[in-house]
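Step one of this worksheet: look at the structure below.
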Protein chains: 6
Amino acid sequence: MNRHIAVYPGSFDPITYGHLDIIKRSLEVFDELIIAVARNSEKRSLFSIQERLDLVAEVIGDDARVSLDTFDGLLVDYVLNRGSRIIIRGLRAVSDFEYEFQLAQTNRAVHKEVETLFMMTSVSYGYLSSSIVKEIASMGGPVDTFVPPEVRIALENKFRADKGD
Amino acid sequence: MNRHIAVYPGSFDPITYGHLDIIKRSLEVFDELIIAVARNSEKRSLFSIQERLDLVAEVIGDDARVSLDTFDGLLVDYVLNRGSRIIIRGLRAVSDFEYEFQLAQTNRAVHKEVETLFMMTSVSYGYLSSSIVKEIASMGGPVDTFVPPEVRIALENKFRADKGD
Amino acid sequence: MNRHIAVYPGSFDPITYGHLDIIKRSLEVFDELIIAVARNSEKRSLFSIQERLDLVAEVIGDDARVSLDTFDGLLVDYVLNRGSRIIIRGLRAVSDFEYEFQLAQTNRAVHKEVETLFMMTSVSYGYLSSSIVKEIASMGGPVDTFVPPEVRIALENKFRADKGD
Amino acid sequence: MNRHIAVYPGSFDPITYGHLDIIKRSLEVFDELIIAVARNSEKRSLFSIQERLDLVAEVIGDDARVSLDTFDGLLVDYVLNRGSRIIIRGLRAVSDFEYEFQLAQTNRAVHKEVETLFMMTSVSYGYLSSSIVKEIASMGGPVDTFVPPEVRIALENKFRADKGD
Amino acid sequence: MNRHIAVYPGSFDPITYGHLDIIKRSLEVFDELIIAVARNSEKRSLFSIQERLDLVAEVIGDDARVSLDTFDGLLVDYVLNRGSRIIIRGLRAVSDFEYEFQLAQTNRAVHKEVETLFMMTSVSYGYLSSSIVKEIASMGGPVDTFVPPEVRIALENKFRADKGD
Amino acid sequence: MNRHIAVYPGSFDPITYGHLDIIKRSLEVFDELIIAVARNSEKRSLFSIQERLDLVAEVIGDDARVSLDTFDGLLVDYVLNRGSRIIIRGLRAVSDFEYEFQLAQTNRAVHKEVETLFMMTSVSYGYLSSSIVKEIASMGGPVDTFVPPEVRIALENKFRADKGD
């Protein structure tokens, strides 16, 4: 069990500058980071699991310290199976806090040896969420201050496709 | 700069089972932990800086991975001076969250390379604070579910002394 | 660009005394008010866009300072197109606050020159929402303390119709 | 109108140790307790109204002070019809608080004579909800610290059935 | 141990319409109510313990179901000594919630058999506190919508006296 | 009564970039802005009322649309006396929200014709407060990202003076 590998789970539907900020800062604290994209949120997601993985891969680029994976089922089981016991989560606001608190307490009730560590998102991304980005993109609004260029293009394609162009 | 040393700062006036929970869980994540007792809160504290340090030392016992220290001035300066760049904080409730958020953002504005990581306190200690413990002890109430025996005795002595016995 | 025209956007599904309170107070502050009913919420709305507009019109009556409109797409684009740059929103509770905060920050990221101004709802309407009104009406409960008579009748008709009478 | 009968309403989909804690503590305060299972949440519920009632009955066992019922329509109407005027609700967290506040204020606006009394859930169940229990069970995770054995078995059967076994 | 006696503790410095609302509604639920004025807050209080008691007595008038008392030390001890095991508290807002949650959990840790029941304050008094009333009165502002006439006069006398008239 | 004059009240102890952001944005919405520095907070303030006024004046510079004033007593009385009926306040976080909500409701209870309008602080200043700035400056930390140069120098002089240099 390596204490210096952390797991950063999420839907990444799609990855935003807010996620990138947490990833970058996690790599300052831990030796390795596993970005774990949740399969089970697929039904409600805009991008397929493969599209979400591809966008994360493009945006992260080559970094030997980062590995990319998908998971379903209980997150704590996944974390232990990967030889880690640390989950990283970003906290933006009070509503986040309550949900994350409930999740972290439940995870501890299931597997006490898995620890969730929280980082406050950088102020510049404190209001940012994948949902808001998708909402703006769906109305044709500009999203370049929220997501990297690759993601912006993917959003534009997705919503153009939806309109049958 | 060792990434595996974390600093757990606080007033520890006095140390409670809530603090001990965070200390124990931090040691599962980091190789070394520096418990840093804040000097500047001295004026408003019940126990002197020396008393607070002594209680922490008694309660922690011998553990090569833990070192005990005091600090004043800017916490981020202290953390860097000690060769660390990780601050550990416990989060109990929403009011904690806002204060800690403000603190973490300000610390990052001063020294961007210092990261604050948060742990949700265990449910059993979610409502626990040094202030509440002192308030109960000051009225002669039982505090043994909140603090270790050494601290309970120190509290009893402190409040007995205050009443001139 | 007239600084004294404000836009009050919402779903108004249906308009309540809470909305009327904000409208009345906005007219004490601004010369003109555009009530902008959101088209995009139509799918999930109880009343059609036309029904919602008609109810607002009936309830507001003739007032040269108020104009009524619909919008879809990005609110900030709409506001600028209408020659305004002020959005008015009511704040009821903490959950409102976080959502509105996120919305206001995102709007500013898209068009910095549009400003969102918030009013605290009057205490009497602090707990009131269109959703709660619809829920009570759907169970046959009394809604006359929450909405004007025209809206109460529309709600009764809507739910009677739903039951196939 | 007996002041010593209280109603504890909810979806109980399914009943958890958190509900049992509130039930037990309510019986220390009131002479009789009516557990009222909401019919209207049926569409979105995992267990049918009959299954939910059966699980509550099994878990509560024989207790002359407790009666079990279902309701639909306005809760305040139901409470008055049952000869009670006291609603008991558990409060876990801030998000609970705002929703419950809105509900209690609305109920009072409809029938002023019905009073809602809140209990803070015990710390051990502060993070617990039927939704989280269902989510964990759906992924095959252990739920025995959250629900009584009867409920655990029902959850296992439900999710096994869902998978076509 | 009579289950139908409740204790309503507080500083009552001074009593407001918000307190009166809770008192009146408590008497709809419980047979007897003990209003318990906290002695320990005396140092920081505007009115002396005797003045606070006198104002409560004047405002409540003769009511066989209400008794008036003072307490210091642990509230839970006091409640048990008075043969009650029910504490009544009003909840106004989220900040109240967190403090009251902490208090209720601590009280239960000390004496598990004492239960705290919460009522949401009526919307009209949701923003009202003794501190705000004192602040307004100290600046010569009108307080008649917040406190009964007896209390308004006492406030005026207190602040006139403070200015040396 | 001119509807286009707004009052921005506060302690300004000292003025920060957060205040400047609100001032600048208020001038986009209102024709004139009165910056009203509160006298009554003087006892607890670091800077005297004159120093606080001087710093605001220096930082704002010459702007015909802005006037600078002090006030004590009830804010709503002051606002009406100045021929305005609009108060501007910045909202940073949930804790702000509750306090401001209470204040705005109380002000409306005293003078219904005075309206408080809230702006969400820009994300970059969301965590910023005069208190935090003073705390950092008092420990010799850098404050140039939080306050204009004039204020930074004033803070340095103040804390140097305090140390007897």
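Chain naming here is simple, since letters A, B, ... match the order of the sequence lines and numbering starts at 1 in each. Since we're looking at a predicted model, the values are computed, not measured.
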| request: Would you mind checking if Lys134(F) and Asp13(F) are paired as a salt bridge, meaning a charged N to carboxylate O distance below 4.0 Å? | output: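 Between Lys134(F) and Asp13(F) there is a salt bridge, with a charged N closer than 4.0 Å to a carboxylate O.
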
>> Consider side-chain contact (heavy atoms from CB on, under 4.5 Å). Of Val79(F), Ile87(F), Val114(F), which one does Asn107(F) pass it with?
In response: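 Considering Val79(F), Ile87(F), Val114(F), a side-chain contact (heavy atoms from CB on, under 4.5 Å) with Asn107(F) is found only for Ile87(F).
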
Anything in residues 67-76 of chain F with a heavy-atom distance to chain B below 4.5 Å? Please list those residues in order.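 The residues closer than 4.5 Å to chain B amount to none at all.
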
- Task: Apply side-chain hydrogen bond (donor to acceptor under 3.5 Å, both in side chains) to Asp21(B) and list each qualifying residue two or more places apart in sequence or on a separate chain.
- Result: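 Here the qualifying residues are Arg25(B), Ser122(B).
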
Quiz item: How far apart are the closest heavy atoms of Ile49(F) and Ala38(F), and which atoms are they?
Solution: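 Nearest heavy atoms, Ile49(F) then Ala38(F): CD1-O, 3.9 Å.
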
Let me have the donor-acceptor pairs involving side chains of residues 141-152 of chain B, under 3.5 Å, with sequence neighbours excluded, atom names and distances please.
| from | atom 1 | to | atom 2 | distance (Å) |
| --- | --- | --- | --- | --- |
| Arg152(B) | NH1 | Glu156(B) | OE2 | 3.1 |

Q. Which residues satisfy the ring-ring contact (aromatic ring centres under 6.0 Å, His included) test with Phe12(B), sequence neighbours excluded?
A.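 Partners of Phe12(B) by the ring-ring contact (aromatic ring centres under 6.0 Å, His included) criterion, ordered by chain and then number, come out as Tyr8(B), His19(B).
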
